[in-house]
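Got a structure here, written out as structure tokens. Questions coming.
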Amino acid sequence: MKIFKHLLFLTLLVTGSGITSAAARMNGVKLSSPDSHIIVNATIVSNRLTYTVVADGSTVIANSPLGITVDSLDLGMNVMFASSPTYKKIDEKYQIFGNHSTAHNLANEAVVALTSKGHKYHLILRAYNDGVAVRYSLPDGAKRIDGESTSWRLPLTAKTVAWMDLNQCYEGFSHVTSFESVPNDKIVMGPLTINEGTHLLSISEADCEDFSDMAFVCHDRTFKACFPFAKNGWEIKRLADENPSSLKGMYGNLHVTPWRTVIIAKNLTDLVNSDLIMNLCPAPSAGSDYSWVKPGRCLWHWWSIGAPIYENQKAWYDAAAKLKWEYYLIDEGWSNWKSEGKDPWTLLKKVIDYGKSVGVKSMVWVNSSEMRNASARRAYLEKVKALGAAGIKIDFIPDATSQILQWYMGAMQDCAELKLLLNFHGSVKPTGLSRTYPNNITREAVRGDEYHMSRYGRVMPYDQDVSLPFTRLMAGAADVTPVMLDPQQLQSAKYSWPHEFAQAIVYLSPITHFCDQYKFYIESPMFDLFQTIPTTWDETRVLSCTEMGKVVAYARRKGDMWWIGVMNGAEARTINLSLDFLKTKKTATLVYDNNSSNTAIDRREKTVSPDDKLEIKMLPGGGFVGRIK
């Protein structure tokens, strides 16, 4: 009988020694996914707590260590089962702003009580139809986290890995390499996406509320958890003045670590559509209403011109209105505004009020140094809210330590209470908590188009755009600030206009901040496409021509309209793109590379059907866009 054909909720009968007779006979815990295709086994081998993961009969995570080191004690060593597991089934649905509109949280869970040298704690396992996750509770009275043993040992069939360079705010390059080319014994950042041969895996973390951010060290085909921003560990300590309603790293009555996650999929479409990381996070608090959270397109000045000029702000709002975009971001530099003896806050209100008059909502930038403690943060956010802003962009955030992660949680809670949208920049990666706080609608933590700017002498290599969907984007929405159209900016690396537009289709960001000066969008031969491009989706497919690190092709549906975005890497190529995802004949706008110039397009209007295949020839750094009504 499979373990969850009938779920058992067991009463834990503890003997005087603290270990039940049933537990004394246990040699492992086996947990199956609801569809029984994935199995995670936790066992004790040579006194070490370990686990394996099997998918469709293939071992995708070979026997690997588990454990957290607390107060100098590795709880994964000298470990014993203290009682029989407690099982439960999770089955819930909720609405999201993402690759599709509804998430299904369907999983089986086991909570296993353990002891190590007299210290009691728990291993918590989850098995989903698309992956597994593990976390630990901390022993009562724990004072310090010293490290973690959790590891992922990959079988010999694993050949290709997508990974990122170490960087304080996840702005390192993304790479797709052979397993042998991943730096050995050096920190790399995730999520990691691995072509295991039989399956695709993506390894990361979820529900990080008060732990330092997790990265990886690779050694002998094994990735091990590490903490680059707390290499010597940290004291377990609550911030005294933080918002009392913010999350505190609790699961029930247990103080827990974040989940360590593995998404498991048979193809790229299933991989990209996984909601496992969000599913592992708490639902919004009871009675919460997030109906005020609205996705949309956002015009933004900083990338193209730098600091905002007060006298020019009406023109930016008018342009956003002409593009039918919902938001405008007032970025760094507004605090230096002066006019007619008025202070910057007075002028900011005038600008926000003008935006309202033309139907455009405002986001406002702030340096986190102005709100590093909870009281200063709350006062600043209340002031921004009183001006009528829709949201806040908080930038330049310190290293992602335990203390700073608690600050993040307080900021999310404050903004939720004040009904402010929230966009963290210069930040740590997300870990699924946009489920708990839908107002945390996007964040940076990505090497985006800010790294292709002539005024900073930055040029983005061709393989970045076609690797990024399988690294940072696997953690959640990313504010890549897409779509450069200025010909001067596209001279150094000749990305094509179709490639640039395709960024807005491939890269998920429920509020998408378009980086360029508004004239390039309004004067574009794709102007009508800019007016109608969505930022969230009802359905997403990764098309079969996609090769990580070489070419990326997505088809996304919003309502009855399909959008296709293709980004090419370093080598010219021709792909044949099937339209078999359509159900009927439809009218299409097709935008191809123009062979004579990367800053021109070949635009065609035609009727297409499910039987059609499009031959698409792309330049190096080229692309393709399709809108099918």
Side-chain angles (χ1 to χ4, degrees), residues 2-5 7-10 28-43 49-56 60-61 64 66-68 76 81 84-94 96 103-114 121-138 148 150-152 190-191 199 201-209 211 214 225 247 249-265 270-271 273-283 431-433 435-436 474-476:
K2 291 184 173 61
I3 192 167
F4 278 105
K5 189 168 183 179
L7 290 170
L8 301 177
F9 294 86
L10 303 177
V29 176
K30 178 180 178 181
L31 186 66
S32 299
S33 61
D35 65 5
S36 300
H37 283 264
I38 294 175
I39 299 169
V40 55
N41 291 283
T43 57
L49 185 65
T50 67
Y51 77 116
T52 59
V53 181
V54 176
D56 301 303
V60 294
I61 302 294
S64 302
L66 292 172
I68 187 93
F81 292 102
S84 299
T86 299
Y87 299 108
K88 74 174 181 180
K89 184 172 184 176
I90 299 160
D91 190 353
E92 57 185 350
K93 293 183 178 180
Y94 57 96
I96 59 172
H104 190 187
N105 186 16
L106 178 64
N108 292 321
E109 181 180 281
V111 179
V112 189
L114 301 166
Y121 71 107
H122 298 82
L123 173 68
I124 307 170
L125 303 171
R126 286 251 188 113
Y128 287 85
N129 294 341
D130 60 350
V132 300
V134 301
R135 78 185 331 172
Y136 314 97
S137 73
L138 302 181
E148 186 166 342
T150 308
S151 301
W152 298 263
H199 295 79
L201 315 176
S202 187
I203 302 172
S204 192
E205 63 177 324
D207 194 22
C208 185
E209 300 174 19
F211 253 55
M214 182 192 74
L247 299 180
M250 302 298 292
Y251 186 60
N253 62 352
L254 301 173
H255 188 191
V256 292
T257 70
W259 292 99
R260 307 319 187 191
T261 63
V262 186
I263 298 170
I264 304 170
D270 291 345
L271 184 84
N273 278 284
S274 175
D275 298 314
L276 183 143
I277 290 177
M278 280 196 299
N279 284 338
L280 289 160
C281 292
T431 59
L433 286 159
R435 179 193 179 185
T436 316
M474 290 303 303

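Only this structure's heavy atoms are used, side chains among them; waters, hydrogens and symmetry mates stay out.
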Closest heavy-atom pair and its distance - Phe211, Val256 | CE1-O, 4.4 Å
What one should report as the nearest heavy-atom pair of Ser204 and Pro191 is OG-CG, 3.6 Å
Counting only N and O atoms by type, is there a donor-acceptor contact under 3.5 Å from the side chain of Arg435 to the main-chain atoms of Cys281?
-> yes
If you look at every heavy atom in His255 and Gly249, which pair is closest and at what distance?
-> CD2-O, 3.1 Å
For Ile203, does its backbone N or O pair with a side-chain atom of Thr261 as donor and acceptor, under 3.5 Å?
-> no
Pairwise distance OH(Tyr121) to CG(Leu138) - rounded to 0.5 angstrom | 11.0 Å
N/O donor-acceptor pair under 3.5 Å between Tyr51 side chain and Ser151 backbone = yes
Minimal heavy-atom distance between Ala133 and Leu280, with the atoms involved, is CB-CD1, 3.6 Å
Student check: side-chain heavy atoms of Leu49 and Leu123 closer than 4.5 Å = yes
Take Leu254 and His122 through the test side chain to side chain contact (heavy atoms under 4.5 Å, CB included) and record every step on the way to the result.
-> CA-CA 9 Å; Leu254 301 173; His122 298 82; 3.8 Å; yes
Please check if the side chain of Asn108 supplies one atom and the backbone of Ser32 the other of a donor-acceptor pair under 3.5 Å.
-> yes
Measuring from Glu109:CD to Ile90:CD1, what's the distance to the nearest 0.5 Å?
-> 4.5 Å
Atom pair NE2/CG of His199 and Leu271 - distance to nearest 0.5 Å | 11.5 Å
For side chain to side chain contact (heavy atoms under 4.5 Å, CB included), just list the numbers for Leu31 and Ile39, CA-CA rounded to whole Å, side-chain angles, deciding distance to a tenth of an Å, and then say yes or no.
-> CA-CA 6 Å; Leu31 186 66; Ile39 299 169; over 6 Å; no
For Trp259, all residues meeting ring-ring contact (aromatic ring centres under 6.0 Å, His included), sequence neighbours excluded | none
What distance do Leu106 atom CG and Asp275 atom CG have between them, rounded to the nearest 0.5 Å?
-> 12.0 Å
Test item: Val262 and Val53 side chains (from C-beta on) under 4.5 Å apart, heavy atoms | no
Is there a side-chain contact between Val134 and Ile124, using heavy atoms and a 4.5 Å cut-off?
-> no
Per side chain to side chain donor-acceptor pair (under 3.5 Å), His104 is matched among Asn279, Asp91, Asp130 by Asp91
Are side-chain N/O atoms of Tyr128 and Asn105 paired as donor and acceptor at under 3.5 Å?
-> yes
Please walk me through it: do Thr52 and Val60 pass side chain to side chain contact (heavy atoms under 4.5 Å, CB included)?
-> CA-CA 8 Å; Thr52 59; Val60 294; over 6 Å; no
Flag side-chain contact, heavy atom, 4.5 Å: Leu125 against Val29 | yes
CD1 of Ile277 to OG1 of Thr431: how many Å apart, nearest 0.5 Å?
-> 8.0 Å
Can you tell me if Ser274 uses its side chain to pair, donor with acceptor, with the backbone of Ile263 under 3.5 Å?
-> no
N/O donor-acceptor pair under 3.5 Å between Thr436 side chain and Pro282 backbone | yes
May I ask you to decide if Ala127's main-chain N or O and Ser33's side chain share a donor-acceptor pair within less than 3.5 Å?
-> no
Which residues pass the salt bridge (Lys or Arg N to Asp or Glu O under 4.0 Å) test with Glu205, sequence neighbours left out?
-> Arg260, Lys429
Roughly how far apart are Cys208 SG and Leu247 CG, rounded to 0.5 Å?
-> 11.5 Å
Exercise: identify the closest heavy-atom pair between Leu276 and Val132 = CD1-N, 4.0 Å
Using atom types as modelled and distance alone, determine if a side-chain donor or acceptor of Thr257 lies under 3.5 Å from a backbone N or O of Tyr136.
-> yes
Side-chain (Asn129) to main-chain (His37) donor-acceptor, under 3.5 angstrom | no
